[in-house]
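In what follows, a structure is listed as structure tokens, so that the remarks can point back to it.
Here is how names work: the chains are called A, B, and so on, in the same order as the sequence lines, proteins then strands, and each is numbered from 1. From a predicted model like this one, the values you see are computed outputs, not experimental measurements.
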Amino acid sequence: MTHLDLLTFARGSALNWALIIFVIGIVLRLFEIFGLSRKADLATPRTHSPGSGWRTMLARSIPPPGMLKRDPVTYIGGYVFHLGLLFAIFFFAPHIEFFRSMTGLHWPNLPTALVDASVVAAMVALGMLLAHRLNNPVKRMLSGFGDYLAWTVTLLPLLTGYMAYHHLLFEYTLMLSLHLFSVELLLVVLPFSKLFHTFSVFISRWYNGDIFGRKGVAS
Amino acid sequence: MSATLAKGINSFKEVIDAPIASFFSSCVHCGLCAEACLFYTETGDAEYTPIHKLEPLRRVWQQEYTLLGKLGKMLGLSKPVTDAELAAWEPLVYDSCTLCGRCAMVCPVGNDMTYMIRKMREGMAASGHAPEDLVGATMRSITIGSPMGIKWPAVLAQIKHVQAETGITVPVDSPGAEYLVLMSSMEIINFPEYLSALSRIFKQAGVTWTLAQDAFEATNSGIQIGASDLAREIVSRIVVAAERLQVKCVISPECGHAFTALRWEGPNLMGRPFGFEVKHILEVLDELHAAGKIKTKGQDARPLTYHDPCQIARRGGVVEQPRRLLNAVAVDFREMPDAGVMNWCCGGGGGVSANSRAEPLRLEVFKHKKAQIEAVEVQTLITACANCRIVMEEGLEHYHMKVEVVGLTELVAQYLVEDKTT
Amino acid sequence: MKITQKAEIIPGTVGEGLAQRGVTRREFLQYCSTLAALLALPPAMAGAMAEAISKARRQSVIWLSFQECTGCTESITRSHSPTLENLIFDLISLDYHHTLQAASGEAAEQARMQAMKDNDGKYLLIVDGSIPLGNPGYSCIAGISNLDMLVETAKGAAAIVAVGTCAAFGGLPMADPNPTGAVSVGDIIKDKPIINVPGCPPIPVVMTGVLAHFLTFGGLPEMDALGRPKSFYGETIHDRCYRRPFYDQGKFAQSFDDEAARKGWCLFKLGCKGPVTYNACATTKWNDGTSFPIQSGHGCIGCSEPNFWDAGSFYQALSMPVTATPSMLAGAAAVGAAAGVAITWHNRSTKAAAKAVHEKVTVQDLTREVK
């Protein structure tokens, strides 16, 4: 099997299966959550603010007063990582082509050098966050296999993508295949791990906003 | 009939719903909830991380309600939640969580840990892992009618005392009154000034009100211990009395969890919306004040600050009312850092103050409130929850601080323009 | 660089042939310098190379064409002006090439047998086209199957040059579902040095470069894992492409006739496979250095890579899935929903069962029985 064959497999069957498992997993997990449903709240809400859930969905991206100071590494590292990852996934021209082929949607891309920088930033942030996880007593106590697995499968696509672009370690075709395989690993792991927060964060934030909103508190 | 592990696990399965599933799905173990929790910030003990307190509940969710968990369970790979674990978790769930909800305000993925702890306590109680003192308080609430074992004659004695002091008749079981007034045991025992203040205010406002002989107690140990069946029984006494007396509104006293129990949990416990309104006394006072029905004269010159009871502010939405009232009667009202919905708990909510085992921890974490009070340099601390009040008084005493704690209703009554004609 | 001013012309050598054709020493040296550069040899080697080639005897070459389209031969022979590449071909002794040779029938095969006999162990075997392992009748010459002819001819060869992607990797005949059972030369011959010169067709100068190398050093140049001379196939088209800066700036043509395409922006989105194609097109170019596919506005199709024919559409960007489709995702979502309904049903049964066994908690239930 030559490197191009490997790449074709990575772009072909492997990707198909990864995508299939990913989509099945996401839909299944959403059913898993919503299927448990919740009882209607019979208490009269203080304010009729149907938007409170949506508000919190966005507002919770901002650190509440005083929190940034309490744990700057988590906040700053978290921002840099998430934004870097977001830029890399959604604003690198080849990636946009992928989304276009799957959804028909496309949008302007960023210069490759900028994407490259954001990948480096995201990787540095991931490193920082790992160090923090290992050093902070709370994080260390909370963390288990799932956390380190999530960290690893998130780093790999960034790292392999970076290495492919910069022609490091292996020749480009092989490295590109490895990049795709790492993305496929991520796709398979995501629905069934902590990484599912990519989707569930909007649900949990909505519920939080709704629960508080009914009591007249903007959370 | 007794508590068993099976009943506890069964309760866990019953309470897990979509929000809880989404919360556990979203948690990335960032640990920020710890930074919002009094028990962690003051002790540095990672065990007190809010989400960690929910670990047994999370495991049941994972094993019972997720595909991978089900598979793991089928293959015998998962570790079932044991009695020993629940016993180990008891101090985390009861002693070091006041249900203050601060963590729920900061969690980046929006997890409401308080919502979950409240539900988790159902299983803890059902499995016999609730603190002895809370069991006792609940027992007394159910059998005697009040967690502190107070019966109507004690209230009656206070009524007589208030009537003698103010010359105002305290109406009891008077049908058709606008307001049904409730009290907390703490007020009946420790703070008789509440009833006297209320009598004077309502007289001046010209509103009709009543106490109910069979429903004077507002507190609800059932929700603190986490036994909805019992909480329902306790809250139903109020509902029945309110409906019998056909009041328009039930006033929750200066007590945090009583407000939550009646205002937010009540209709859900009863399984039907109420035909009357439920308001916290501060809401009523603010409304009457705004409507010009209560007038105050003069202002307190002392520098003072206001402690937001968690269940009233963050979990109750009563934030602006106390400030409007305070600004009416005080010249030098100073806000503590993080005031309002981001306030720090007194350390004794959610049943912690009723739990003698938790006392050393509660006093230790009071350091935060101490620092907050010191930051605003006041000797007068106003609040609107009898439980916060007693917890803070104990804390202040423990740290040898000369700070007086006053109920807001009482403060308002002090500056009331009284019509002495009747 | 030191070369003998008065080159001695030895009869029967390449040097003699060059002299007869009026190629000056200077011109030949210049050509050798170019070749040396292409082969990534130090410039000083040009002189030695010129010397070696001049003195080399005309190399006997047998060229076998199997399942092919003659594109490789066309590419190499059809130059617009007579070039030194052509000369090299003139200067070798092309003893058998069934498209170019004058002889036919028995005489042609006789020529092959003769060359094999006269130059046993020394002749160079060039193959274009793949070999069908299915029915031998799919492709045979003079009643001899391609397989038999290859095996027979390879026996006495000093080395084999697999010209074109068909001979090197199987090529289009091998494309899924490979009806003839086509394989590459390397799949059959294991005991001879084989150098692959893939491309559909390969660049002429790559061919001559390899020949020159063979004539100079009597052996094959350094090769990559796929048996391709590293000097020509060491870098991707993308890395040497003059449009590369546009890729880095994120400037792409969206269609073949949009403004961006006219401006010469990167063709990645139009399916260019330059990033994963190792070849020299972007540097040597074609037709006497005139242009190459990307320069004329079409993406690289990756023709010098094995299995490029089965690596997805030429017009799909490299980052696009080969076969995944939105409807596949929709199908997966439907399966997920079905599984979701099943798990929801199971979850609700679990919860309902828990509710069913719930006994109303009384105060007595808050404590454990004393054991």
Side-chain angles (χ1 to χ4, degrees), chain A residues 1-5 7-13 15-37 91-104 106 108-116 164-165 167 171-174 176-177 180 191, chain C residues 169 224-226 234-236 238-239 246-252 254 266 268-271 273 275-278 302 304-308 310-312 316-326 328-348 350-351:
Chain A
M1 195 175 221
T2 65
H3 296 171
L4 186 69
D5 294 337
L7 180 64
T8 306
F9 172 65
R11 291 172 62 210
S13 315
L15 181 62
N16 293 0
W17 282 110
L19 284 170
I20 287 170
I21 294 171
F22 174 76
V23 172
I24 291 178
I26 295 301
V27 175
L28 177 85
R29 290 294 319 272
L30 292 175
F31 267 89
E32 230 173 60
I33 291 174
F34 289 119
L36 282 167
S37 69
F91 293 101
F92 184 44
H95 295 170
I96 298 173
E97 284 309 286
F98 171 80
F99 293 113
R100 191 164 68 92
S101 71
M102 286 289 101
T103 64
H106 59 104
N109 59 277
L110 285 174
T112 308
L114 218 63
V115 175
D116 192 40
Y165 179 69
H167 293 5
E171 64 86 24
Y172 183 77
T173 311
L174 177 59
L176 186 62
S177 315
L180 280 166
Chain C
F169 305 130
D224 68 8
L226 294 171
E235 279 180 280
T236 63
H238 184 64
D239 288 340
F246 295 115
Y247 175 88
D248 291 333
Q249 289 160 25
K251 291 178 173 170
F252 298 93
Q254 306 283 346
C266 179
F268 180 88
K269 288 187 179 181
L270 296 171
K273 302 296 181 294
V276 293
T277 304
Y278 291 83
S304 57
E305 293 297 321
N307 291 334
F308 82 91
D310 282 337
Q316 260 186 344
L318 197 55
S319 58
M320 284 186 176
V322 180
T323 48
T325 57
M328 184 193 87
L329 298 190
V335 173
V341 168
I343 205 160
T344 297
W345 172 80
H346 192 254
N347 282 350
R348 291 199 169 185
T350 306
K351 203 163 162 176

> For A:T173, does its backbone N or O pair with a side-chain atom of A:S177 as donor and acceptor, under 3.5 Å?
Replying inline: yes

> Quick one: does C:N307's side chain have a donor or acceptor within less than 3.5 Å of a partner on A:D5's backbone?
Replying inline: no

Side chain, backbone, both or neither: which part of [X] has a heavy atom under 4.5 Å from chain C?
X: A:I20; value: both
X: A:H167; value: side chain
X: A:L4; value: side chain
X: A:L7; value: side chain

> Among A:E171, A:R29, A:H3, which residue forms the greatest number of heavy-atom pairs with chain C at distances under 4.5 Å?
Replying inline: A:E171

>> Let's test your reading of the structure: which of A:N16, A:T8, A:L28 forms the most heavy-atom pairs below 4.5 Å with chain C?
In response: A:N16

Under 4.5 Å from any heavy atom of chain A, what part of [X] do you find: side chain, backbone, both or neither?
X: C:L318; value: both
X: C:Y278; value: side chain
X: C:D310; value: backbone
X: C:T323; value: both
X: C:L329; value: both

>> Is there a side-chain contact between A:H95 and A:V115 in this structure, where contact means two heavy atoms from C-beta onward sitting under 4.5 Å apart?
In response: no

>> In the structure I gave you, are the side-chain heavy atoms of C:T344 and C:N347 within less than 4.5 Å of one another anywhere?
In response: no

> Does C:A342 have any side chain to side chain contact (heavy atoms under 4.5 Å, CB included) partners at least two apart in sequence or in another chain, and if so, which?
Replying inline: none

>> Checking A:E97 now: which residues fulfil salt bridge (charged side-chain N to carboxylate O under 4.0 Å, His left out) with it, not counting sequence neighbours?
In response: A:R100, C:K269

